[in-house]
Colleague: 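Can you read through this structure? Questions will come right after.
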Amino acid sequence: MIEEKYAPHAIEKKWQQYWEDHKTFKTEIDKNKPKSYVLEMFPYPSGNLHMGHVRNYSIGDVVARFRTMKGFNVLHPMGWDSFGMPAENAAIQHGIPPKKWTLDNIANMRRQQKAMGLSYDWDREVTTCKEDYYRWTQWLFELFYKRGLAVKKRSSANWCDTCGTVLANEQVIDGKCWRCGHEVVKKQLDQWFFKITDYAEELLDDLALLKGWPERVKTMQRNWIGKSEGLEFSFDVPSLHEKLAVYTTRPDTIYGVTFVVVPPEHPLVEKLLKDNPKEKELRAFCDKVRNTSDIERTSSESEKVGMYTGVDCIHPLTGHKVHIWITNYVLYDYGTGAVMGVPTGDQRDWMFATKYGIEKIITLQPKDQVLSLDTMDHAYEDHDGVLVNSAQFTGMEMNKAMGAIIDYMEEKGLGKRKINYRLRDWLISRQRYWGAPIPIIYCPKCGEVLVPEDQLPVRLPEDVKFGDGSMSPLATSEEYLHCTCPKCGGPARRETDTMDTFICSSWYYLRYTDPHNEKAPFSKEANAYWGPVDQYIGGIEHAILHLLYSRFFLKVLRDAGLVDYDEPFTNLLTQGMVLKDGGKMSKSVGNVVSPEEILAKYGADTARLFILFAAPPERELEWSDQGVDGSFRFLNRVWRIVYHFEKVLAQQVTSYDTAKLDDADKDLRRALHATIKKVSEDVEERFNFNTAISSMMELVNAMYAYKDAKKEPNAGLIYETVKNLLLLLAPFVPHITEELWHGVINEKTSVHAQKWPAYDPAAIKVDNVEIVLQINGKNRDRLTVPAAATKADLEKLALADEKIKKLIGTAKVLKVICVPGRLVNIVAR
RNA sequence: GCGGUAGUGGCGGAACGGCAGACGCGCUAGCCUCAGGAGCUAGUGGGGGUUGACCCCAUGGAGGUUCAAAUCCUCUCUACCGCACCA
């Protein structure tokens, strides 16, 4: 029995309670079943779900429920990426302790997720800011440390003097502090790094293993790692008795070098400035440049400025003097940190040389053209052409010259072939409170000492002050700061930096496999069964950082013997953003649609259905309030048509004789089986949920047409149709289907415990198809032909068509192209 | 700037290189109703036309490949994502 009217709220509450009571989504290892690990990126607990979350979880839930119905043992967990700046800001601005703020937010968001009817195994929830989790984050830091992958290096951070705090890049707005507007400066600090560059080559190579990743994500990672092959060589700096090393990917242009540039951070700069008559001006210039961002420095738009140091070096091949400049347009942490300037081969160098009147020498020109400085107005940057003005290499083709010059330099001992990566080591130190403390102790006698494993976690103290000028809030807790050295027992102090939250999120997918383990981050056995993640789903904005860090982490754990596979995420689905009025939903624009309101108005099933229907998952999604109405209307249509057939269904006629079907029956049956086929393929192979839903809408339309066409419906066919419609809809709209299933199909079982339906190929077959007749690619007529017609049949039928004959007239038929089932194209002149 | 992606009716979107616009929204008309922000039926890219025939145009723009292009190639414009301390 079902109610006459669809009442989503009562139904949804009822079934959510039922699933919770019956632990419907609890997962255990079951070696008799194939496993499938379906994972959505865990959220930062900002306090409320936004539509991006709703989209992410709706997609994941369909995949998880679908795979369960397909017979997989599905792991589908949820947790919280709960360390980070917003909690600390809440503490600074409103005096709320970060822990309380975070846990309250988690409670609220968990409630919202539960209201969506998501099939999570909540017993596996992980929360990165809780001791039972960050204890293992610290343990993993120690693992990295022991393997030589966690090292200290000097590096700069954004610093605001007024607030007395380090600033994140996003807190620096136009070079000023976001809170006080004071000018931001760069401050040199000793900071911890993870040596991700040790894995650069493997991170690059193994992209080939990721067949289930979008090509664009792999391309972005490839470019981010940025492998290049080139030449490293040095210029002698006679006045300083030093060498200045440079790296270039264009050794073919080496004879065109007319200056060398270094950034203010370059180690040679101090020596260049010492006893320099222009020291004061140069220092002022360095200070200014030091505070500009990498994007500004590498932009070819922004102005290239520099100062000649007055110091010269010697070109290793020509012996000519070359000026050394300090500039704002090179990066200090790529290559050797110094760059050779070739005005005619690089547009940035061209602009710089033009501005400062530096000499230009043409050393490469196109094969069929002679370049002249008189007519050139920009650099010749093509990787093609012939060398000129290049001593014995003159006349050589660019591609050959590259190798020849490197060989020559190596032969003469002047330089060497070098592979470089754009990828930099991962700076993991944060001078903040709300993160996992780095488990290091500094002892005056023993130096840097790891906190022993059995003393983990290093707990976050609660008696800290924010923004009092200390490098890190943790330094303001006397109790935290002072400790005894684990080695010698003498007085020592703790590291006061915490870890980048990206570390917490680089291994959480492993913890889900064994979330309550107190002896290890996870057991090998649990992870061997569940890992790797079969389907990972999350925003495209994570295409590089999070996904690259996670890949790096897993490879280190593999090398440490903790896991036995190479990549954490076998398949990746990157979802697009949710937009409103063409733009990102944001509070400042005021176009935010609250999921909570949508749930309150229509219920979870409508919200889930709409967000899956409105666009394919990888594309951006334009939110439409009217579109939501449409989805709600569809669910009402489903409800009414099932209600209409309730008495027929109550007879429980579960079969029928296919030989006794009339045309209306056959049409409905064909529609049903075509829909099963379409939905199965769309969900399983392409994740095209929008077209899967549209085909189910067509099926419901066909059921209405059938209702009107037949006074006496075929009870068996109706039963089959309704039953399968509910099964197909179940992963998308789990509550309404559960209610209808219990009401008209089987009150003892859950629709979510059923097998996914199969279609009958014979039911889809049609006898005749309509094809298009074209002349010279233009549609001229249509023709109904037997579905089995061959190419030869089609050609004969097409050429016999009266209208076609008339249109061809006296023209000569040159060619006839036949595509069975689709068209015939007659080429006639 | 560099790297990546996307542009199709009034709107969201369909379309193995093979009938452009499925499905939904919106709109129009009719039916039903005391009533409707409910439901049902039909229509709905633009232009022409003998107005259920038929013809032409149309997938950001310009070229190209092909019997055939929204789809492949080149250039270009626009929007969005990432750029290493937001997560």
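Chain naming here is simple, since letters A, B, ... match the order of the sequence lines and numbering starts at 1 in each.
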Colleague: Distances under 3.5 Å only, N/O to N/O: pair up the protein atoms with those of nucleotides 64-72 of chain B.
Modeller:
| residue | atom | partner | partner atom | Å |
| --- | --- | --- | --- | --- |
| B:C67 | O2' | A:N825 | ND2 | 3.3 |
| B:C67 | O2 | A:N825 | ND2 | 2.6 |

Colleague: So if I take every side-chain heavy atom of A:W224 and compare against B:C83, B:C23, B:C85, which nucleotide ends up nearest?
Modeller: B:C83
Colleague: Can you name the side-chain hydrogen bond (donor to acceptor under 3.5 Å, both in side chains) partners of A:E495, sequence neighbours left out?
Modeller: A:W192, A:Y442
Colleague: Which residues pass the salt bridge (Lys or Arg N to Asp or Glu O under 4.0 Å) test with A:K187, not counting sequence neighbours?
Modeller: none
Colleague: Give a yes or no answer on whether the side chain of A:Y509 reaches the backbone of A:Y536 with a donor-acceptor pair at less than 3.5 Å.
Modeller: no
Colleague: Using the salt bridge (Lys or Arg N to Asp or Glu O under 4.0 Å) criterion, which residues pair with A:R250? Sequence neighbours excluded.
Modeller: A:D252
Colleague: Please list each protein N or O that sits under 3.5 Å from an N or O in nucleotides 12-15 of chain B, with the distance.
Modeller:
| residue | atom | partner | partner atom | Å |
| --- | --- | --- | --- | --- |
| B:G12 | O2' | A:A614 | O | 2.6 |
| B:G13 | OP1 | A:E620 | O | 3.3 |
| B:G13 | O3' | A:N690 | ND2 | 3.3 |
| B:A14 | OP1 | A:N690 | ND2 | 2.8 |
| B:A14 | O5' | A:N690 | ND2 | 3.4 |

Colleague: Please identify each residue that fulfils salt bridge (Lys or Arg N to Asp or Glu O under 4.0 Å) with A:D629, with sequence neighbours left out.
Modeller: none
Colleague: With sequence neighbours left out, write down each residue that passes side-chain hydrogen bond (donor to acceptor under 3.5 Å, both in side chains) with A:S82, or none if nothing qualifies.
Modeller: A:T128
Colleague: Would you say the side chain of A:Q431 and the base of B:C85 hold a donor-acceptor pair, judged only by whether the two atoms sit under 3.5 Å apart?
Modeller: yes
Colleague: Paired with B:U41 by Watson-Crick or G-U wobble geometry, both distances under 3.5 Å: which nucleotide is it?
Modeller: B:A29
Colleague: I want to check something: taking the side chain as every heavy atom from C-beta on, are A:V638 and A:L729 in contact at a cut-off of under 4.5 Å?
Modeller: yes
Colleague: Can you list every side chain to side chain donor-acceptor pair (under 3.5 Å) pair that touches residues 163-177 of chain A, not counting sequence neighbours?
Modeller: A:N158-A:N169
Colleague: Side chain of A:R422: nearest nucleotide among B:A84, B:C23, B:A87?
Modeller: B:A84
Colleague: Please list, pair by pair, any protein nitrogen or oxygen found under 3.5 Å from a nitrogen or oxygen in nucleotides 26-31 of chain B.
Modeller:
| residue | atom | partner | partner atom | Å |
| --- | --- | --- | --- | --- |
| B:G26 | OP2 | A:R633 | NH1 | 3.3 |

Colleague: So which nucleotide does B:A58 pair with, by the Watson-Crick or G-U wobble rule with both distances under 3.5 Å?
Modeller: none
Colleague: Base, sugar-phosphate alone, or nothing: which one does A:L427 contact when heavy atoms must sit under 4.0 Å apart?
Modeller: base
Colleague: Under a 3.5 Å distance rule, please check whether A:Y6 uses its side chain to pair with a backbone N or O of A:E3 as donor and acceptor.
Modeller: no
Colleague: Mind checking what makes side chain to side chain contact (heavy atoms under 4.5 Å, CB included) contact with A:R686, not counting sequence neighbours?
Modeller: A:E681, A:D682, A:N688
Colleague: By nearest atom, which of the nucleotides B:C40, B:A84, B:C19 is closest to the A:R424 side chain?
Modeller: B:A84
Colleague: Within this structure, what is the CG-to-P distance between A:D500 and B:C86, rounded to whole angstrom?
Modeller: 9 Å
Colleague: Taking only the P atom of each, what is the distance from B:U76 to B:G21 in whole angstrom?
Modeller: 33 Å
Colleague: Using the side-chain heavy atoms of A:I544, tell me which of these nucleotides is nearest: B:G82, B:C85, B:A87.
Modeller: B:G82
Colleague: What's the gap between B:C25 and B:U74 when it is taken at their P atoms, as a whole Å value?
Modeller: 40 Å
Colleague: Once salt bridge (Lys or Arg N to Asp or Glu O under 4.0 Å) is applied, do any residues pair with A:K710, and if so which ones, sequence neighbours excluded?
Modeller: A:D662, A:D665
Colleague: Classify the side chain of A:Q191 and the base of B:C85 as holding, or not holding, a donor-acceptor pair under 3.5 Å.
Modeller: yes
Colleague: Find which nucleotide of RNA chain B each of A:D781 and A:S695 is nearest to by heavy atoms, and output the residue with the more 5' nucleotide.
Modeller: A:S695
Colleague: Counting only Watson-Crick pairs (N1-N3 plus N6-O4 or O6-N4) and G-U wobbles (N1-O2, O6-N3), all under 3.5 Å, who is the partner of B:C83?
Modeller: B:G1
Colleague: Once salt bridge (Lys or Arg N to Asp or Glu O under 4.0 Å) is applied, what residue pairs with a partner in residues 47-59 of chain A remain, sequence neighbours excluded?
Modeller: none
